**Q** 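Just passing along the structure, written as structure tokens.
Owing to the predicted nature of the structure, the values given are computational and were not obtained by experimental measurement. Both ligands and their constituent atoms are indexed starting at 1 by order of listing.
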Amino acid sequence: MDHLRLEAEIGGYRAADQKLEALEATYEDLATMLVCAADEVALLDSSTRAWAQAFYALAFQPGDRILTARAEYASNYLAYLHVAERTGAVIDVVPDDETGQLSVAALESMIDERVRLVSVTHVPSNGGLVNPAEEIGQVTAAAGIPFLLDACQSAGQMVLDVDRLGVDMLAGNGRKWLRGPRGTGFLYVRRSLCERLHPPMIDLHSAEWVEPERYELCAGARRFEMWESSVACRLGLGRAVRYALELGMDTIETAVTTRAEAVREGLAGVEGVTVRDLGRRRCGIVSFTIDGHSGADVQERLARAGVTVTTGRASSTLLDMSRRQLPSVVRASPHYFNDDGDLDRLVTGVEDVSGGRL
Ligand SMILES: *Cc1c(COP(=O)(O)O)cnc(C)c1O
């Protein structure tokens, strides 16, 4: 907000000139958070945009296979469908194991020379599942296949280390667990892959027009950016990342998962309530349903009691939701700033909705 005021007072260019260092620090702090180099980070205006810049940079041929998971996010799957339609690439969904996470054994058995990309959502938008990114990364590294991870719901709530995860490309945003401003996203691209990728669109920021008939792409991940951006939002994203780093990502992860477990325990004892979280490892998202109530209805009733939850609709994670025959789930995302009183109010509110008192 200070920066927007400064832009109003002295103009956008001069205001940005005064913040060059802080803007660079945003890249560096994201690199610290992801354990990569600052030139492997690009700033975009959303996670979807960041993800798409990487995905659409890959050249698919007819018959190329894209392997993904059941809990895939709608915008990603729509892009697979879009590209499959245009190129003749094929989408193959890796089945879940008995816990509901992507089956690493099934993934391994599906790898062949036609697999061009493994693309998975780390934490889906509709539940506490954490897909086994590290094990997936081991499979893709051994096979020499690029691995794209949608880390939108994991960034800011858990430790992310791109080498340990074995990812080649990773997208996230500022507005979710990082608690930053809307309109911010970031993309990590491994240096060795980046130099071989051509962004789906370029401008005078991502490339230089060096001769009338020739351009040169800029070095590093910034080739995936375009020139214009909200400086205020980028500064806000940097501040949010720094704030998380100061608290410590491992401290945040423990605080978040402990609270989510407490909520699950509380909800498990409420009649008419089913906790819907899948997977071996569970994170800070708690998903549940109440018999006889739609997600939107629960969301509205809980809001009356001062409890903020959101609704996961089937169309956001269609493969998973239709397989489980769930039209919607309620999603609670306790963060480190929620205290025991907040968690109690949530569980009591759910009891009241289920018991017909709210
Ligand atoms: C919210 C979400 C996105 C989209 O993030 P934007 O920054 O709004 O584009 C992508 N993937 C998952 C899993 C999400 O939950």
**Q** Could you check, using the six-membered ring where one of them is a Trp, whether Trp51 and Tyr80 have ring centers closer than 6.0 angstrom?
**A**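 Aromatic pair counts; centres sit under 6.0 Å.
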**Q** Give the numbers and elements of all ligand 1 atoms closer than 4.0 Å to a heavy atom of Thr48.
**A** 4 (C), 5 (O), 6 (P), 9 (O)
**Q** Hey, are the side chains of Tyr56 and His82 touching, using non-hydrogen atoms and a 4.5 Å cut-off?
**A**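 Tyr56 reaches His82 side chain to side chain.
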**Q** Side chains of His335 and Ile252: does their closest heavy-atom pair fall under 4.5 Å?
**A**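 The answer is yes, as the side chains (C-beta and beyond) meet within the 4.5 Å cut-off.
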**Q** Does any N or O of ligand 1 fall below 3.5 Å from an N or O anywhere on Ser47, backbone included?
**A**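 There is such a contact, yes.
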**Q** Any N or O of Asn173 that comes nearer than 3.5 Å to an N or O of ligand 1?
**A** yes
**Q** A side-chain contact here means heavy atoms from C-beta on lying under 4.5 Å apart; do Leu102 and Arg70 qualify?
**A** no
**Q** In the protein, what heavy atom is nearest to atom 2 (C) of ligand 1, and what distance, to one decimal place, separates them?
**A**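 Protein heavy atom with the smallest distance to atom 2 (C) of ligand 1: Lys176 NZ, 2.3 Å.
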**Q** How far is atom 8 (O) of ligand 1 from the closest protein heavy atom, and which atom is that?
**A** Arg175 NH2, 2.6 Å
**Q** Could you tell me whether Arg234 sits above the aromatic face of Phe186, with NZ or CZ closer than 6.0 angstrom to the six-membered ring centre and within 45 degrees of the axis?
**A** no
**Q** Within a strict 4.5 Å, meaning less than it, do heavy atoms of the Leu187 and Leu44 side chains meet?
**A**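 Sidechains of Leu44 and Leu187: in contact.
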**Q** Does only the side chain of Cys152 get under 4.0 Å from ligand 1, or the backbone, or both, or neither? Count heavy atoms.
**A**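 It is the side chain that gets close, since no backbone atom is under 4.0 Å.
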**Q** State, yes or no, whether a side-chain contact exists between Asn126 and Arg331 at a heavy-atom distance under 4.5 Å.
**A** no
**Q** If the cut-off is 4.0 Å to any non-hydrogen atom of Thr121, which atoms of ligand 1 fall inside it?
**A** 13 (C)
**Q** What protein heavy atom is closest to atom 10 (C) of ligand 1, reported as residue, atom name and distance in Å?
**A** Tyr73 CE2, 3.3 Å
**Q** Give the contacting part of Asp150 toward ligand 1: side chain, backbone, both or neither, where contact means a heavy-atom distance below 4.0 Å.
**A** side chain
**Q** Which atoms of ligand 1 sit under 4.0 Å from any heavy atom of Ser125?
**A** 15 (O)
